[in-house]
Amino acid sequence: MSRRPQRTLLERMHRLARFRLVVPLQRSPHPPEYTARAAAIGLAVAFTPTVGIQLVAIFAFWALLRWHPKTDFSLVVALAWVWVTNVFTMLPIYYGFYVTGQFMLGRWDDLSGYQGFVDVFNGAVKMDMDMLDMVWALITLAAKEQGLAMFVGSIPWAIGTAWLGYVWSIKYLRARQSARLRRFKETAPLETPPEASEETGKGA
């Protein structure tokens with residue numbers, strides 16, 4: 001019995017990303033704009049240093065925006081896309097926030113190394129904290145030099161990724177919608193012209 005070839009890490013990550021991000025888009029029964037807004041909001045929250053309270057933030061946005069048709073979005077899709085920052089990607093992404101923030105604050109010559117940043121972050125935030133402790137830990141972290149830079153640096157990332165997520169997902173969904181409509185037209189049975197129906201009736 002032959003063994004299946006083992007997938008590489010890149011293949012596994014691609015498969016996981018497709019399952020987590022693309023499949024929820026495909027399964028959404030709503031208009032492309034509605035679903036694309038959810039992807040944008042999920043990414044906007046994901047690219048902020050709000051580890052531990054991201055799901056709460058998504059629910060808060062959904063409860064606030066769902067009453068207006070131009071701001072309503074799919075809660076399921078938003079929750080799926082906030083997964084972009086997870087336990088595996090969180091610290092490298094947050095370090096990117098920190099470096100960006102230091103440049104934005106004009107601290108060109110004051111960049112701590114990655115490990116130093118990780119030590120500060122892990123010293124302030126613990127994964128097993130409850131929600132209130134997590135909020136307080138994030139406030140405490142923001143008061144520190146590294147934390148302030150991280151929060152400031154996350155702003156362009158949150159805005160940029162939300163915009164890219166919206167543009168990509170709405171193009172993807174509209175193309176998928178057009179392809180499905182085209183396939184439906186190609187496979188739908190042709191209607192019998194009225195003249196042909198009358199001739200068939202007379203012959204009978």
Side-chain angles (χ1 to χ4, degrees), residues 5-25 38-62 76-169:
Q6 193 172 8
R7 292 188 177 93
T8 64
L9 177 61
L10 187 61
E11 288 173 336
R12 291 199 299 270
M13 291 298 293
H14 179 269
R15 186 169 180 269
L16 183 60
R18 177 177 176 78
F19 176 75
R20 286 279 193 166
L21 305 178
V22 180
V23 171
L25 292 179
I41 289 173
L43 283 171
V45 174
F47 280 84
T48 56
T50 51
V51 58
I53 60 171
Q54 289 178 335
L55 299 185
V56 176
I58 291 290
F59 274 107
F61 277 118
W62 179 73
V76 173
V77 172
L79 290 173
W81 278 66
V82 81
W83 169 87
V84 169
T85 46
N86 51 64
V87 293
F88 302 106
T89 63
M90 179 182 68
L91 286 175
I93 289 175
Y94 286 5
Y95 181 68
F97 296 165
Y98 163 71
V99 172
T100 303
Q102 288 290 76
F103 279 109
M104 291 175 66
L105 293 169
R107 300 170 181 170
W108 309 91
D109 56 348
D110 187 19
L111 294 174
S112 66
Y114 177 71
Q115 190 56 51
F117 168 81
V118 170
D119 292 340
V120 171
F121 186 88
N122 287 337
V125 179
K126 307 296 182 186
M127 293 296 106
D128 58 351
M129 288 177 168
D130 59 33
M131 190 180 72
L132 290 177
D133 288 339
M134 184 69 73
V135 170
W136 180 249
L138 291 171
I139 293 172
T140 303
L141 180 64
K144 297 181 179 179
E145 181 180 331
Q146 289 90 341
L148 175 62
M150 185 176 65
F151 276 87
V152 171
S154 71
I155 296 171
W157 286 94
I159 295 172
T161 55
W163 180 79
L164 288 173
Y166 182 85
V167 170
W168 179 86
S169 56

Q: Test side chain to side chain contact (heavy atoms under 4.5 Å, CB included) on Phe103 and Val99 and set out the steps.
A: CA-CA 6 Å; Phe103 279 109; Val99 172; 3.6 Å; yes
Q: Counting only heavy atoms not in Phe59, do more than 12 fall under 6.0 Å of its CZ?
A: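 Atom CZ in Phe59 is not crowded, with 12 or fewer foreign heavy atoms closer than 6.0 Å.
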Q: Provide the closest heavy-atom pair for Ile53 versus Met134 in the form atom of the first, atom of the second, distance.
A: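 Between these two residues, the closest heavy atoms are CG2-CG, 4.1 Å.
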Q: At what distance, to the nearest 0.5 angstrom, does CG of Leu148 lie from OH of Tyr98?
A: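 The CG atom of Leu148 sits 11.0 Å away from the OH atom of Tyr98.
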Q: Can you give me the closest heavy-atom contact between Ser154 and Phe151, atom names plus distance?
A: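 Minimum heavy-atom contact is OG-O, 2.8 Å.
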Q: Nearest 0.5 angstrom please: Phe47 CZ to Thr85 OG1, how far?
A: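 Answer for the CZ-OG1 pair, Phe47 versus Thr85, is 6.5 Å.
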Q: Would you say CH2 of Trp163 has more than 12 non-hydrogen atoms from neighbouring residues, nucleotides or ligands within 6.0 angstrom?
A: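 Open.
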Q: Between Pro24 and Val77, what is the shortest heavy-atom contact and its length?
A: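 Shortest heavy-atom separation between Pro24 and Val77 comes out as O-CG2, 3.8 Å.
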Q: Considering the options Val56, Val82, Leu55, which one meets the side chain to side chain contact (heavy atoms under 4.5 Å, CB included) requirement together with Val45?
A: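 The option that passes is Val82.
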Q: Of all heavy-atom pairs between Ala46 and Gln54, which one has the smallest distance, and what is that distance?
A: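 Looks like O-NE2, 3.4 Å.
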Q: Under 30°, 30 to 60°, or over 60°: which ring-plane class applies to Trp157 and Phe97, parallel, tilted or perpendicular?
A: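 Correct class here is tilted.
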Q: Considering residues, nucleotides and ligands other than Phe61, do more than 12 of their heavy atoms fall under 6.0 Å from its CZ?
A: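 Atom CZ in Phe61 is not packed in, count stays at 12 or less.
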Q: Can Leu79 and Trp62 be said to form a side chain to side chain contact (heavy atoms under 4.5 Å, CB included), step by step?
A: CA-CA 10 Å; Leu79 290 173; Trp62 179 73; over 6 Å; no
Q: Working to the nearest 0.5 angstrom, can you tell me the gap between Asp133 CG and Leu138 CG?
A: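 That separation rounds to 11.0 Å.
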Q: Is there a side chain to side chain contact (heavy atoms under 4.5 Å, CB included) between Leu91 and Tyr95 once you walk through the steps?
A: CA-CA 6 Å; Leu91 286 175; Tyr95 181 68; over 6 Å; no
Q: Identify the two heavy atoms, one from Thr89 and one from Val84, that lie closest to each other, and give their separation to 0.1 Å.
A: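 Shortest heavy-atom separation between Thr89 and Val84 comes out as OG1-O, 2.8 Å.
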Q: Heavy atoms, side chains only, cut-off 4.5 Å: are Trp168 and Leu25 in contact?
A: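 Result yes, sub-4.5 Å side-chain heavy-atom pair found.
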Q: Search all heavy atoms of Ile58 against all heavy atoms of Ala78 and return the closest pair with its distance.
A: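 Nearest pair, atom of Ile58 first, then Ala78: CG2-CB, 3.9 Å.
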